[in-house]
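Per chain, numbering begins at 1; letters A, B, ... match sequence-line order. Being a predicted model, the structure only gives us computed values, none of them experimental.
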Amino acid sequence: MVGSTVLASALALLGAQLAARDRAMQTMCVGQGAMLGVLLGIGLVQSLALSDYAGSVAPFALALVASGATYAMSEHQVAVLRAARNTHFAAMFAALLACGYLVSALFPALDSHMAQKYFGDLATVSKMESLALLFAGSAALILIAWRSNSVSRRSFETMILCSPETTLRGADGLFAIGSLILICLSVQIAGFLFTVACLFVPTALAVRTGRSGLRRHLVRCGIVAALACLVGFMLSLRFSQLPTVPAIVATMVLIGSAQRF
Amino acid sequence: MTARRALLEVKNLAYGTPDGRALVSGLSFTVDSGAIVAVVGPNGVGKSTLLQVVQGETAPTAGSIERAFELKHLRFLTQLQNREFHLPLTLRDVLSFSAGVPITDSRVRDVGLLDPRHLDLAWNTASGGERQKTLLTKILLDEPTFVVLDEPMNHLDADGRKLLRDALRRHVASDERGVLMVCHEQAIERDGWPGVVTIGLKPSAAAD
């Protein structure tokens with residue numbers, strides 16, 4: 001629970017920056033790309049009866065490859081097509097979603113994993129996976145919080161001053177690669193819904209409070225995500241019929257909306 | 001009084017659009033320390049492209065550019081994209097993105113464009129003029145050797161344009177600094193910018 005709570009906060013801070021760079025829809029595609037890699041990895045591991053170690057590493061490695069390829073393709077589209085980027089991202093998302101379902105058809109054993117990977121179940125996360133979430137979440141949280149001013153400056157320059165992002169060089173490259181790793185790990189262990197909700201629900205609701213200030217906004221995003229994760233998780237433990245991640249997302253929406261009052 | 005020296009020398013410059021259409025040829029001018037140079041001309045003549053060429057972002061097709069400063073001492077303000085930003089920044093947040101020493105009210109007052117009492121306004125609810133003055137202040141707070149501005153008078157009313165003129169004059173008056181900006185001719189004529197060197201760009205057919 002601690003690992004997913006820290007991860008939720010880190011994702012919320014990352015999501016605020018991705019939304020500021022108008023990358024929400026692109027991130028949905030990247031997350032779906034990671035999902036495709038995870039499903040392919042699980043399918044291969046089960047078909048080839050690989051070891052437990054390979055069972056953990058292969059889906060993550062394939063998630064990185066697939067999400068990296070999705071990121072590169074979407075960047076290329078933005079550069080070449082220039083206009084209406086969200087239309088292309090939406091089309092890409094639909095194609096990746098179809099690919100994910102096709103992969104599940106190739107590996108019938110994936111049936112039982114599909115729903116878990118999309119909607120997540122934090123109650124069944126292993127100790128090792130929880131430690132991985134805690135480690136990656138803490139590292140990302142510290143890094144994004146510590147560099148919040150310079151990351152926000154780049155977001156501002158990109159959107160308002162039209163300063164081009166230097167794709168995979170320097171600080172922009174670190175931001176892109178770090179984001180990919182965190183999203184892949186989160187999709188693999190906590191699921192697609194948890195990842196996307198933690199990325200974008202807190203920041204979308206925090207801007208509706210009407211109060212300005214960069215630090216205040218980022219703190220709100222981090223707290224809402226962490227609090228929702230804790231409360232939602234405890235609710236799902238208390239009421240066994242309540243699935244973990246949807247309970248967390250519903251709590252997040254409630255807490256986030258309550259900020260206005 | 002220190003002698004003026006050339007900060008930027010443009011000689012017989014020619015450049016065009018990325019798809020190969022010629023824009024300007026045979027352009028020569030110098031920006032000395034202490035000078036404000038305004039390049040004026042109608043829409044589509046290549047004013048903004050000139051600024052990209054000066055910064056080394058677009059290669060010229062002929063001619064040369066000599067800079068007496070490193071590019072890290074150049075600050076560029078593009079035309080303001082007057083749109084909202086997802087993060088709920090205050091004007092003070094935007095100024096805090098400036099490199100170097102912390103932003104204080106007295107430093108903002110010294111630049112002379114913004115009233116420090118307005119720094120807690122939200123970027124998303126500020127007027128176009130306030131946003132433009134904030135971005136100009138952000139650049140001048142960095143105390144760059146060379147400032148490049150694309151249509152800096154956009155969104156500014158008459159008082160704002162006067163404040164800008166005075167701020168740029170103060171900026172180039174100290175140390176060895178220069179300003180190159182592009183704007184429409186009317187903007188210079190309307191407000192009167194004495195001492196500003198004006199260079200007119202003509203459409204490519206005439207230039208060629």
Q. At what distance, to the nearest 0.5 angstrom, does CD1 of I160(A) lie from CG of L135(B)?
A. 8.0 Å
Q.
For F97(B) and F156(A), take the angle between the two ring planes, folded into 0 to 90°, and tell me which bin it lands in: parallel under 30, tilted 30 to 60, perpendicular over 60.
A. tilted
Q) Which answer fits L77(B), side chain, backbone, both or neither, if we ask what part of it has an atom under 4.5 Å from a heavy atom of chain A? A) side chain
Produce the donor-acceptor pair table for chain B versus chain A, cut-off under 3.5 Å.
from   : atom 1 : to      : atom 2 : distance (Å)
R83(B) : NE     : M159(A) : O      : 3.2
R83(B) : NH2    : M159(A) : O      : 2.5
H86(B) : NE2    : T203(A) : OG1    : 2.7
P88(B) : O      : G213(A) : N      : 2.6
D93(B) : OD2    : L214(A) : N      : 2.8

(Q) Tell me the closest heavy-atom pair linking A16(A) and L87(B), and the distance in Å. (A) O-CD2, 3.8 Å
Q.
So for atom CZ, which belongs to F119(A), do other residues, nucleotides or ligands contribute more than 12 heavy atoms lying within a distance under 6.0 Å?
A. no
